[in-house]
Amino acid sequence: MITASDPLDEAVALHGRALAAWDDQRYPDTVRLCRRALELFEEHAGPGHPDVANVLTLLGGAEDELGEHRAAEACHRRAVAVMGALPAKSGVLLRLRIQADLGLAGSLRRQGRYPEAEQLYLTALAEATPQYDAVELAPLHNDLGVLYKFAGRLDEAHACYTRALAVLEEAHGPGHPALAGLWHNLAGLAHSRGDLEEGEEYARRSLALHRVAFPPDHPAVVADEAHLGVLMQARGALAEAEPLLRRAVGFFSERYGPEHHDVLVNLHNLAAVLAGQGSYGEAESLYLRALDGKRRAFGPDHPEVALTLNNLAVLAAERGETGRASALAAEAHQILETRVGPGHPALAGLAHLAALC
């Protein structure tokens with residue numbers, strides 16, 4: 001016998017399958033399942049129902065992972081609007097509202113819109129603090145740390161990461177895979193600070209924890225291997241870094257397509273290895289592929305674009321192309337100064353490069 005509740009039961013089941021696909025980083029499947037669940041919830045529960053917001057947040061997160069940031073932002077804003085219209089002083093509704101705010105904050109951060117993202121993160125954290133326990137708050141501090149790292153506010157990022165790490169170590173113990181993401185982020189922060197030995201140590205910790213939790217071909221393992229490759233490249237171990245980064249480019253290209261963020265970032269990093277080996281032609285080709293993809297994915301003035309312009313400027317300078325190097329450095333400088341302000345650490349290197357040219 002078919003009852004009126006059957007479509008909602010199906011929607012709940014679809015959402016559950018979408019969550020499982022998300023956990024396995026199968027983002028196209030997440031999008032497909034969320035869209036069907038969303039249709040059912042909107043039709044049978046109404047467009048203002050909190051379940052609609054819940055699905056929209058997951059759908060937006062998956063769209064962000066696939067580089068569809070405009071579509072993602074639209075989903076997140078709809079989720080925020082739905083939850084903003086509902087009374088949410090505590091309980092499940094408050095948690096869904098905080099989740100919606102965090103989803104939008106993450107999308108804005110990916111787009112390089114750091115002040116907007118920070119305000120949402122801080123608002124969500126303020127609302128969550130009286131309601132969540134320390135372990136539940138740890139991911140919020142981690143997310144805020146990611147924002148600060150990309151914005152060049154490295155001390156603030158370190159404070160957020162170490163706070164979250166201390167909580168999770170106390171709750172789970174130092175060998176739990178839940179700590180891997182924080183070690184990964186701390187490795188990236190150490191790299192940005194020039195603490196390469198420390199960064200490599202942290203990258204190896206993250207990789208070891210993920211290898212315990214996942215099979216060798218899991219995206220988290222491959223991402224950690226690539227991250228380790230970046231640290232090794234920075235320390236001059238180019239021969240060891242190259243296969244790790246080539247594997248990451250091939251893996252993420254096959255899994256997500258040639259213009260996924262993880263592909264573009266690893267193309268950029270592989271180009272740096274090749275430049276260090278003197279393979280300037282191939283390095284430039286990869287940098288240009290990464291630059292073109294980043295411009296299409298994020299727009300021409302995203303900080304990620306500036307980072308690749310910076311490396312192209314360095315490569316041009318090494319090849320004696322001083323005029324081109326100066327122009328590329330100036331373009332990167334303009335983006336970073338406009339988007340993240342004059343305090344970003346990369347600006348000092350660009351100023352030095354411009355002086356050399």
Side-chain angles (χ1 to χ4, degrees), residues 25 134-135 138-249 251-252 261-262 265-277 304 307 311 344-346 348-349:
Q25 301 187 29
V135 172
L140 279 68
H141 289 292
N142 176 63
D143 288 345
L144 191 57
V146 172
L147 169 69
Y148 287 147
K149 188 263 186 182
F150 280 107
R153 295 159 63 177
L154 305 186
D155 289 343
E156 291 166 276
H158 186 263
C160 290
Y161 288 153
T162 53
R163 179 173 183 171
L165 182 67
V167 168
L168 294 182
E169 279 189 323
E170 182 177 355
H172 303 303
H176 196 281
L179 277 65
L182 279 160
W183 286 122
H184 180 102
N185 290 344
L186 281 165
L189 182 61
H191 184 206
S192 296
R193 289 173 142 179
D195 299 328
L196 303 181
E197 185 174 351
E198 180 181 279
E200 184 174 336
E201 176 191 347
Y202 294 161
R204 290 187 183 280
R205 289 188 191 182
S206 177
L207 178 57
L209 292 175
H210 275 145
R211 281 176 169 166
V212 170
F214 301 119
D217 61 346
H218 191 277
V221 174
V222 178
D224 270 353
E225 290 176 346
H227 204 192
L228 178 60
V230 171
L231 270 299
M232 296 174 77
Q233 177 268 328
R235 297 190 68 191
L238 304 180
E240 293 87 347
E242 182 180 352
L244 297 174
L245 291 166
R246 286 196 184 277
R247 183 193 182 206
V249 169
F251 178 89
F252 290 118
H261 177 262
D262 287 337
V265 168
N266 283 297
L267 280 172
H268 171 107
N269 293 332
L270 177 58
V273 170
L274 295 171
Q277 294 172 329
E304 283 276 0
L307 295 179
N311 281 25
H344 196 283

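Because the structure is a prediction, the values reported are computed rather than measured. Any value given below was found using the heavy atoms of this structure, including those in side chains, with hydrogens, waters and symmetry copies removed. The first residue of the sequence shown is numbered 1, and numbering continues consecutively from there.
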*Asks:* Got more than 12 heavy atoms from elsewhere within 6.0 Å of CZ, R235?
*Replies:* yes
*Asks:* Which heavy-atom pair separates G145 from A157 by the least distance, and what is that distance?
*Replies:* O-CB, 3.3 Å
*Asks:* Is there a donor-acceptor pair under 3.5 Å between the side chain of N142 and the backbone N or O of A138?
*Replies:* no
*Asks:* Return the NE2 to CG distance between H184 and L209, rounded to the nearest 0.5 Å.
*Replies:* 13.0 Å
*Asks:* So how far is it from L228 CG to Y202 OH, rounded to the nearest 0.5 Å?
*Replies:* 15.0 Å
*Asks:* Side chains of S206 and H227, heavy atoms from C-beta outward: is any pair under 4.5 Å?
*Replies:* no
*Asks:* Are E304 and V265 side-chain neighbours, meaning at least one heavy-atom pair lies under 4.5 Å?
*Replies:* yes
*Asks:* Provide the closest heavy-atom pair for A226 versus N266 in the form atom of the first, atom of the second, distance.
*Replies:* CB-OD1, 3.3 Å
*Asks:* How many angstroms lie between atom CG of L245 and atom CD of E240, to the nearest 0.5 angstrom?
*Replies:* 12.0 Å
*Asks:* Any ion pair linking D217 and R247 (charged N to carboxylate O, less than 4.0 Å)?
*Replies:* no
*Asks:* Looking at L207, is its backbone amide N or carbonyl O close enough to the side chain of D224 to form a donor-acceptor pair, meaning the two atoms are under 3.5 Å apart?
*Replies:* yes
*Asks:* State, yes or no, whether a side-chain contact exists between L168 and H176 at a heavy-atom distance under 4.5 Å.
*Replies:* no
*Asks:* For V273 versus A241, what's the shortest heavy-atom pair and its separation?
*Replies:* CG2-CB, 4.1 Å
*Asks:* Within a strict 4.5 Å, meaning less than it, do heavy atoms of the E197 and E201 side chains meet?
*Replies:* no
*Asks:* Looking only at heavy atoms, which two atoms of S192 and K149 are closest? And how far apart?
*Replies:* OG-CE, 3.2 Å
*Asks:* Between F214 and H210, what is the ring plane arrangement, given parallel below 30°, perpendicular above 60°, and tilted in between?
*Replies:* tilted
*Asks:* What's the spacing between N311 CG and L307 CG if we round to 0.5 Å?
*Replies:* 7.5 Å
*Asks:* Who pairs with H191 by ring pair (Phe, Tyr, Trp, His ring centres under 6.0 Å), at least two apart in sequence or on another chain?
*Replies:* none
*Asks:* What I'd like to find out is whether the side chain of H158 reaches to under 4.5 Å of the side chain of R193, using heavy atoms alone.
*Replies:* yes
*Asks:* Could I get the full list of ring pair (Phe, Tyr, Trp, His ring centres under 6.0 Å) partners for Y161, not counting sequence neighbours?
*Replies:* none
*Asks:* Heavy atoms, side chains only, cut-off 4.5 Å: are L186 and R205 in contact?
*Replies:* no
*Asks:* Taking only residues two or more places apart in sequence, or in another chain, which ones meet A159 in a side-chain contact (heavy atoms from CB on, under 4.5 Å)?
*Replies:* none
*Asks:* Name all residues meeting the side-chain contact (heavy atoms from CB on, under 4.5 Å) criterion together with V212; count only those two or more places apart in sequence or in a different chain, and write none if there are none.
*Replies:* none
*Asks:* With rounding to the nearest 0.5 angstrom, report the CZ to NE2 distance, F252 to H261.
*Replies:* 11.0 Å
*Asks:* Write down the atom of L270, the atom of V249, and the distance for their closest heavy-atom approach.
*Replies:* CD2-CG2, 4.4 Å
*Asks:* Rounded to the nearest 0.5 Å, what separates atom CG in N269 from atom CD in E242?
*Replies:* 13.0 Å
*Asks:* Applying ring pair (Phe, Tyr, Trp, His ring centres under 6.0 Å), name anything that partners Y148, two or more places apart in sequence or on another chain.
*Replies:* none
*Asks:* What pairs with H141 under ring pair (Phe, Tyr, Trp, His ring centres under 6.0 Å), at least two apart in sequence or on another chain?
*Replies:* none
*Asks:* Check L231 against A187 and note the closest heavy-atom contact, atom names and distance.
*Replies:* CD2-O, 4.3 Å
